[in-house]
A.B. asks: 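Input: one structure, supplied below.
For reference, positions follow the sequence shown, starting with 1.
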Amino acid sequence: MPDAALAALDATAQAELVRTGEATASELVEAAIARIEALDPALNALTAKLYDQARARAAGPIPGELFRGVPFLIKDLISVAGVVNTAGSRALAGFVGQASPPLVKAWEAAGLIALGLTNTPEFGLIDTTEPVLHGPTHNPWDVSRSPAGSSGGSGAAVASGMVPMAHASDGGGSIRLPASHNGLFGLKPSRGRSLDAGVPAMPFGLPDLGVEHVLTRSVRDSAAMLAATEDPATPLGRVGRVSEPLRRTLRIGLVRRGAGGGLAEPAVDQAVLASARLCEDLGHHVEEADWPFDAAAFAEAFIAEWQLVAAGSIAQACAAVGCAADGEHFEPWTLELAARGAALTPQRLAEVAQRLAEGSRALAVFFATYDVLLSPVMAHPAKTLGEHATDLPFEDLFAKVSENVGYTPPFNAAGAPAMSVPLAWTNEGLPVGSQFGAAVGGEGLLLALAYQLEEARPWADRWPPVSAMA
């Protein structure tokens, strides 16, 4: 099979080639390595290459049926035993992961073969992928622009066709943001849905924000991976493998304004309105709505927890490698966030926890009226690299990031699922995703809707200028 035709196949189809004997795992791995070597110089999506390990794994007996022999990439923000895990930080430039958590073992059990790690901003703390340690990742739709963050390396890798699927994590939008900027499908699962990824629980009664999943070109790959990595003991009830489009009518609340009260950039606002019209064409009932809480106050509380995450990240890194919390080891954005996080008092953190809990309860009430919330993913299409550089004056950068990422964090705080679906492109050819969110445990509903949207407005044949298909 010509490599371009192979690259066009999703992970499910590539696994089928191995299952039927039309291709071997080694052939899939070698083809993916060739694509990475051809494309990564322009994109800088990878921080580490694990070719020797991948070739050895492909040559031997591979467990699992679901994704047997399929090339995969892991975001450099999760521990993988025996692999240098930097989390995008100079402080961890030589740090080697000591153990793989259950989630990584589940990927291996499904038959995936990891070829490397993907680029991320320092500790995943900003909406672009431009770490000082590894340099910026470029968006394959326009290499002068950002692929978003913090799973930007994975987004660029999948969008360009290096691999059909890659790991991503989401603590404030980091699956949905790169899905939007790279023209991919990105589902953020509910809190408690997936197997343990080795991330410490938040203190002070604050909600755990981060979840793990993948970025894909097809809905079915995401659905299959969710089933493969679902925690058997999840209190949410098992979703299983969703495989059919939605067959019922939904009540959809359209939220157009971000946390700051403003509309998204016209190209983004028009894209989400077009998504609303598509939903209406499919028979769903759509009406404009507002966030069911004080969005500005909720955002302020979320940012306080984000600052505490930064403080904890620096403390954990320095405990692991014995570094100082200074500009030689950490970027200015991270240091200032961490300083503000360290200054938060227990009383303030209790107030933050209460505010986030109140907002989460209000969102649950919203979903008693609506089945789904539809909104933009970000306020702007992909920005030029450097616009959110971490050495910019902190207050200016803080304002830019807060305004850009005003739609995704509520679902992290509430532990509710949400997805970015690639339904629009700007006149300049940049992809713009639409966010659909549901009540806690509602991944099955979202995936069924995603299948319906994918069928109505397919995106799989759209490839960026920097890609295996170009």
Side-chain angles (χ1 to χ4, degrees), residues 33 35-51 53-54 72-80 82-97 114-140 142-160 162-163 166-169 171 174-175 177-178 181-182 215 310 313-314 316-318 320-321 323 326-335 337-338 382-392 397 401 466:
I33 289 173
R35 294 194 298 272
I36 291 170
E37 290 300 298
L39 295 166
D40 199 49
L43 299 177
N44 191 38
L46 274 70
T47 61
K49 297 173 180 177
L50 308 177
Y51 295 165
Q53 299 96 310
F72 188 62
L73 294 169
I74 299 172
K75 181 179 177 181
D76 188 11
L77 206 59
I78 189 171
S79 178
V80 180
V83 175
V84 174
N85 295 135
T86 70
S89 177
R90 288 167 292 166
L92 298 175
F95 182 75
V96 177
L115 301 186
L117 305 186
T118 59
N119 205 5
T120 181
E122 188 167 54
F123 304 125
L125 291 172
I126 197 167
D127 60 343
T128 186
T129 301
E130 306 174 46
V132 172
L133 176 63
H134 299 296
T137 295
H138 301 262
N139 190 312
D142 178 345
V143 294
S144 71
R145 296 178 184 263
S146 169
S150 63
S151 308
S154 290
V158 175
S160 65
M162 294 182 192
V163 292
H167 165 234
S169 58
S174 294
I175 290 174
L177 308 185
H181 275 9
N182 291 281
L215 288 165
S313 297
I314 286 183
Q316 189 176 10
C318 289
V321 299
C323 66
D326 57 26
E328 181 181 346
H329 296 95
F330 303 101
E331 298 174 26
W333 169 257
T334 307
L335 287 169
L337 279 178
K383 291 188 176 184
T384 302
L385 287 166
E387 285 192 57
H388 286 198
T390 58
D391 60 353
L392 292 174
L397 180 56
V401 173
V466 181

A.B. asks: Which heavy atom of L77 sits nearest a heavy atom of S169, and at what distance?
C.D. replies: CD2-OG, 4.0 Å
A.B. asks: From C318 SG over to H329 NE2, what is the distance, rounded to the nearest 0.5 angstrom?
C.D. replies: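 Going from SG on C318 over to NE2 on H329, the span is 7.5 Å.
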A.B. asks: If we ignore hydrogens and angles and just use 3.5 Å, is the side chain of E130 paired with the main-chain N or O of G135 as donor and acceptor?
C.D. replies: no
A.B. asks: What distance do I314 atom CD1 and C323 atom SG have between them, rounded to the nearest 0.5 Å?
C.D. replies: 8.5 Å
A.B. asks: Is the backbone of T384 close enough, under 3.5 Å, to the side chain of E387 for a donor and an acceptor to pair up by distance?
C.D. replies: yes
A.B. asks: Measure across A114 and A54 and return the closest heavy-atom pair with its distance rounded to 0.1 Å.
C.D. replies: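 The answer is O-CB, 3.6 Å.
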A.B. asks: Can a side-chain donor-acceptor contact be found between D76 and T86 if the only test is distance below 3.5 angstrom?
C.D. replies: yes
A.B. asks: Counting N and O atoms only, with roles assigned by atom type, does the side chain of N85 sit under 3.5 Å from a partner on the main chain of V96, one being a donor and the other an acceptor?
C.D. replies: no
A.B. asks: Looking at every non-hydrogen atom in both residues, tell me the closest pair between P131 and T120 and how far apart they are.
C.D. replies: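 Heavy atoms only, the tightest pair is CG-O, 3.4 Å.
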A.B. asks: Under a 4.5 Å cut-off applied to non-hydrogen side-chain atoms, are L337 and F330 in contact?
C.D. replies: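 A side-chain contact under 4.5 Å is absent here.
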A.B. asks: Give a yes or no answer on whether the side chain of S160 reaches the backbone of A156 with a donor-acceptor pair at less than 3.5 Å.
C.D. replies: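 Looks like yes, one N/O pair under 3.5 Å.
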A.B. asks: Measure the spacing between CG of L177 and CD1 of I126 and express it to the nearest 0.5 Å.
C.D. replies: 11.5 Å
A.B. asks: Are L215 and N182 close enough, and set up right, to give a side-chain contact (heavy atoms from CB on, under 4.5 Å), and what steps lead you there?
C.D. replies: CA-CA 10 Å; L215 288 165; N182 291 281; over 6 Å; no
A.B. asks: Are side-chain heavy atoms of T137 and L385 found at a separation under 4.5 Å?
C.D. replies: no
A.B. asks: Using a 3.5 Å distance criterion without hydrogens, assess whether the side chain of T129 forms a donor-acceptor pair with backbone atoms of A148.
C.D. replies: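 It does hold such a pair.
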A.B. asks: Is there a donor-acceptor contact under 3.5 Å linking the side chains of H138 and N44?
C.D. replies: no
A.B. asks: Please report the shortest heavy-atom distance between M162 and L46, naming the atom on each side.
C.D. replies: SD-CD1, 3.9 Å
A.B. asks: Looking at H181, is its backbone amide N or carbonyl O close enough to the side chain of N139 to form a donor-acceptor pair, meaning the two atoms are under 3.5 Å apart?
C.D. replies: yes
A.B. asks: Do K75 and S151 get their side chains close enough for a donor-acceptor pair, meaning under 3.5 Å?
C.D. replies: yes
A.B. asks: Say whether, by atom type as modelled, one donor and one acceptor occur between the side chain of R90 and the main chain of L133 under 3.5 angstrom.
C.D. replies: no
A.B. asks: Sub-3.5 Å donor-acceptor pair from the side chain of R145 to the main-chain atoms of K383, do we have one?
C.D. replies: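 The answer is no, because no donor-acceptor pair under 3.5 Å joins these two groups.
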A.B. asks: First locate atom CD1 of I78, then atom CG of L117, and finally report the distance between them rounded to the nearest 0.5 Å.
C.D. replies: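 Reported value, rounded in 0.5 Å steps: 10.5 Å.
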A.B. asks: Between N119 and T47, do the side chains contain an N or O donor and an N or O acceptor separated by less than 3.5 Å?
C.D. replies: no
A.B. asks: Enter the distance from K49:NZ to D40:CG here, rounded to the nearest 0.5 Å.
C.D. replies: 5.5 Å
A.B. asks: Quick check against the 3.5 Å criterion: does W333 have a side-chain atom that pairs as donor or acceptor with the backbone of E122?
C.D. replies: no
A.B. asks: Of all the heavy-atom pairs spanning A42 and V143, show the shortest one and how long it is.
C.D. replies: O-CG1, 4.2 Å
A.B. asks: Answer with yes or no whether the side chains of S150 and S174 bring together a donor and an acceptor at under 3.5 Å.
C.D. replies: yes
A.B. asks: Could you tell me which non-hydrogen atom of V163 sits nearest to which non-hydrogen atom of F72, and how far apart they are?
C.D. replies: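 The answer is CG1-N, 4.2 Å.
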A.B. asks: Can you tell me how far apart CG (D391) and CG (L397) are? Round to the nearest 0.5 Å.
C.D. replies: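 Atom-to-atom, D391:CG and L397:CG are 9.0 Å apart.
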A.B. asks: Just wondering, do I36 and L115 contact through their side chains at under 4.5 Å, heavy atoms?
C.D. replies: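 Yes, side chains in contact.
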A.B. asks: Does A91 offer a backbone N or O that forms a donor-acceptor pair with the side chain of S89 under 3.5 Å?
C.D. replies: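 A pair under 3.5 Å: yes.
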A.B. asks: Can you list the steps and then say if F123 with Q316 is a side-chain contact (heavy atoms from CB on, under 4.5 Å)?
C.D. replies: CA-CA 11 Å; F123 304 125; Q316 189 176 10; over 6 Å; no
